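See structure below.
All figures in this text were calculated on a predicted structure; none of them were measured in a lab. Below, all heavy atoms of this structure are taken into account, side chains as well, without hydrogens, waters or symmetry copies. Order of appearance sets the numbers: ligands from 1, and atoms from 1 within every ligand.
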Amino acid sequence: MIAYLECFVQENENDAESRPYDVVSGLRGALDLQGTIDCGDAAEQAAKDFGGMNSLAPLALVRPAGAADVASVVRAAANLNLTAAARGNGHSINGQAMADRGLVLDMPAMEDHFQVVRTSSTSGYADVSGGALWEDVLKRCVRDYGMAPRSWTDYLSLTVGGTLSNAGVSGQAFRYGPQTSNVTELEVVTGKGETFVCSEEENSELFFSVLGGLGQFGIITRARVRLQQAPDMVRWIRLVYTEFDAFTRDAESLVTRPHDDGESFDYVEGFAFMNSDNPADGLPSVPLHPDQVFDPTRLPQEAGSVLYCLELARHYRSSDHLSAVDKGVNRLLEGLGFVEGLEFQVDLGYEEFLLRVKQAEEHAKASGIWDAPHPWLNLFVSKSDIADFDRVVFKEILKDGIGGPMLVYPLLCSKWDARTSVVLPEGEIFYIVALLRFTPAYPKGPSCESLVAQNQEIVQYCRKKGLDFKLYLPHYRSQEEWKRHFGNQWSRFVERKTCFDPMAILAPGQKIFPRSNPKP
Ligand code: FAD
């Protein structure tokens with residue numbers, strides 16, 4: 001049957017768009033899927049991603065029931081000279097989970113797989129499906145087992161396989177590393193349609209290739225995620241700074257404190273904001289509760305137009321006395337150089353803290369800015385260049401703000417495993433910078449093109465000045481640019497591709513390798 005389809009697709013290569021129903025009905029019969037395969041309107045969701053800046057229609061959308069379906073689809077793509085893309089929750093912004101006239105696998109459709117194993121009273125692991133949403137992993141681990149993964153993203157309607165294919169970074173990463181440092185085993189379907197269990201000990205090259213591998217080497221169908229005991233409560237804190245060097249000094253001191261004795265925060269992030277009344281990125285964006293007000297008279301006279309905020313959290317148990325929590329937090333804040341009188345604190349449940357962006361999502365959906373285009377820019381910038389970056393990017397290029405959060409906080413290279421496919425700047429400390437634009441769609445807001453151009457200006461500046469940086473969630477159009485991105489890791493990346501996906505079937509939306517067909 002596949003042989004018939006092969007001829008059919010080849011003969012109709014230029015005509016595939018006009019005859020997708022024929023190909024798909026043939027595939028449906030040939031693949032013997034436990035799940036489903038659809039084309040046309042039923043596959044429409046796979047032609048869009050977050051913010052709708054790109055649109056590429058697949059030939060078909062497959063809803064796989066399990067790893068066996070994923071493997072059949074990859075093998076069919078190999079035989080039919082098609083591409084195949086795993087789609088997590090489609091929260092990329094540059095078409096990374098799309099497959100132009102290829103096969104898209106809707107990973108959250110996979111049958112539920114969830115098992116928790118305790119290895120001690122305070123640790124264990126969860127085996128979860130590659131298409132599971134992190135928010136569901138959180139709820140099930142905490143509610144049923146009192147356990148939780150150690151490393152998160154800020155927003156949890158993302159899939160396990162999707163974030164592991166990038167890195168998965170939030171305020172816990174300074175301590176535990178990104179999410180890619182917090183999985184011990186994966187089940188992966190490679191670009192050859194073979195299924196392997198892999199870990200540091202078993203099929204280790206595949207394991208490390210896939211982590212941060214931008215979907216290039218295999219499709220993650222199951223992940224074993226490390227768990228620890230979940231706290232009940234979180235003290236969430238924001239501290240304001242007027243000077244970038246005081247902000248970075250304190251942020252770096254907090255992320256490098258030893259934490260074995262419990263004398264450190266459990267979460268450290270930071271952001272830049274405008275000294276303005278703009279609710280999206282000005283002074284009103286800092287308080288943590290509607291009852292709290294940012295009193296601008298507390299700012300020193302010399303405060304400039306860009307200010308900084310350290311965002312911290314400390315876990316505790318509901319049985320702890322609040323006075324003891326206060327005492328512990330005050331001890332940790334001692335010696336920090338924030339502006340007095342501009343500290344904001346709230347106590348909330350652990351789940352509520354981790355799901356904090358969900359609330360923002362609901363507001364953004366109501367105002368229409370969730371679905372507007374999101375020309376975001378995410379970078380890793382070396383500590384050695386972050387002051388220059390601040391001087392030119394935050395204080396000049398972005399002096400009017402971006403209408404959304406501008407995250408900037410330090411991470412430690414030693415918490416990332418160099419064997420994964422992620423590339424980082426040099427040195428132990430580097431900063432993640434995330435410019436998360438939430439602006440109404442043009443004509444009410446600035447045009448998407450102008451914001452993309454501003455992102456390019458920032459990247460050009462970094463490049464021209466020789467700053468040590470890497471794009472996070474990278475997006476390039478030519479292989480030359482990818483080569484530059486991976487630098488001395490490019491040959492390793494190519495070798496991994498040759499080994500695990502030699503026909504370049506997987507994740508074509510990353511635009512790294514063109515589909516090849518080495519068959520005679
Ligand atoms: P998709 O966008 O669907 O896929 C991303 C890539 O991974 C594609 O190339 C796809 O083919 C591939 N892929 C998907 N599933 C699999 C799989 N099972 N196996 C192999 N490859 C796969 N990132 C952070 O690190 N920290 C954050 O705090 C953070 N916050 C975010 C907040 C919002 C509102 C949004 C929209 C994104 C955020 N991200 C964050 C970025 C996020 O990590 C990426 O969008 C990531 O791609 C995950 O999204 P997804 O699960 O929808 O994957």
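Under the 30°/60° scheme for interplanar angles, the aromatic rings of His91 and Tyr155 are found to lie parallel. His374 and Trp370 have perpendicular rings, their planes meeting at more than 60° on a 0 to 90° scale where under 30° would count as parallel. Between Phe513 and Trp490, the ring-plane angle classifies as parallel under the 30° and 60° cut-offs. Using cut-offs of 30° and 60° on the angle between ring planes, the pair Phe389 and Phe394 is perpendicular.
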Going through the distances and angles, do Asp154 and Arg356 end up as a salt bridge (Lys or Arg N to Asp or Glu O under 4.0 Å)? CA-CA 8 Å; Asp154 294 344; Arg356 62 200 179 280; 3.5 Å; yes
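For the pair Thr153 and ligand 1, the shortest N or O to N or O distance does not fall below 3.5 Å. Below 3.5 Å of separation, one finds an N or O of Gly88 facing an N or O of ligand 1. Residue Trp376 has no nitrogen or oxygen atom sitting less than 3.5 Å from a nitrogen or oxygen atom of ligand 1, judged on distance alone. Looking at Met107 next to ligand 1, no N or O pair under 3.5 Å apart turns up.
For Gln45, the CD atom sits in a packed shell: over 12 heavy atoms of surrounding residues, nucleotides or ligands are nearer than 6.0 Å.
Nearest to atom 34 (C) of ligand 1 by heavy-atom distance, out of Phe217, Tyr472, Tyr155, is Tyr155. When Ser165, Ala46, Gly130 are ranked by how near their heavy atoms come to atom 22 (C) of ligand 1, first place goes to Ser165. Residue nearest to atom 16 (C) of ligand 1, selected from Gly215, Ala86, Ala84: Ala86 (by heavy-atom distance). Nearest to atom 53 (O) of ligand 1 by heavy atom, out of Gly162, Ser170, Ser157, Gly218, is Gly162. Nearest-residue assignment for atom 17 (C) of ligand 1 (options Ile220, Leu436, Leu506; heavy-atom criterion): Ile220.
Note: Phe469 and Tyr431 fail the aromatic proximity criterion, with ring centroids not under 6.0 Å apart. Taking the six-membered ring for Trp and the full ring otherwise, the centers of Trp416 and Phe380 sit less than 6.0 Å from each other. Aromatic rings from Trp376 and Phe438 are positioned such that their centres are separated by under 6.0 Å.
For ligand 1, the atoms sitting less than 4.0 Å from at least one non-hydrogen atom of Ile219 are 19 (N), 20 (C), numbered in the order shown with element in parentheses. Those atoms of ligand 1 with a heavy atom of Asp154 less than 4.0 angstrom away are 27 (C), 28 (O). Near Gly90, the atoms of ligand 1 lying under 4.0 angstrom from a non-hydrogen atom of the residue are 1 (P), 2 (O), 3 (O), 52 (O). Every atom of ligand 1 is numbered from 1 in the order shown, and the set under 4.0 Å from a heavy atom of Arg87 is 3 (O). Each of the following atoms of ligand 1 lies closer than 4.0 Å to a heavy atom of Trp370: 34 (C). Listed by number with element, the atoms of ligand 1 under 4.0 Å from a non-hydrogen atom of Gln96 are 8 (C), 9 (O), 11 (O). Each of the following atoms of ligand 1 lies closer than 4.0 Å to a heavy atom of Phe50: 36 (C). Remark: ligand 1 atoms within the under-4.0 Å shell around heavy atoms of Ser92 are 1 (P), 2 (O), 4 (O), 5 (C), 45 (O), 47 (O).
Here the heavy atom of the protein found nearest to atom 40 (C) of ligand 1 is Leu158 CD1, 3.9 Å. In terms of protein heavy-atom proximity, atom 26 (N) of ligand 1 is closest to Val169 O, 2.8 Å. Nearest protein heavy-atom neighbour of atom 41 (C) of ligand 1: Leu473 CD1, 3.7 Å. For atom 50 (P) of ligand 1, the closest non-hydrogen atom on the protein side is Asn89 N, 3.4 Å. Atom 45 (O) of ligand 1 has His91 O, 3.0 Å as its closest protein atom, hydrogens excluded (heavy atom only).
Between Arg63 and Asp38 there is a salt bridge, since at least one side-chain N of the basic residue sits less than 4.0 Å from a carboxylate O of the acidic one. Ion pairing between Arg222 and Glu185 holds under the 4.0 Å rule for side-chain N and carboxylate O. Checked for salt-bridge contact, Glu351 and Lys139 miss the test: no charged N lies under 4.0 Å from a carboxylate O. Salt-bridge check for Arg492 with Glu495: failed, with every basic side-chain N at 4.0 Å or more from each acidic carboxylate O. Ion pairing of Glu362 with Lys358 is absent here, as no side-chain N (NZ or NE/NH1/NH2) approaches a carboxylate O to less than 4.0 Å.
At a heavy-atom cutoff of 4.0 Å, ligand 1 is contacted by no atom of Val210, backbone or side chain. Under 4.0 Å from ligand 1, the heavy atoms of Gln510 that appear belong solely to its side chain. Of the heavy atoms in Asn166, only side-chain atoms (C-beta onward) come closer than 4.0 Å to ligand 1.
Heavy-atom distances between Trp152 and ligand 1 stay at or above 4.0 Å for every pair.
At least one cation-pi condition fails for Arg238 and Phe344: the charged atom is not both under 6.0 angstrom from the six-membered ring centre and inside a 45 degree cone around its axis.
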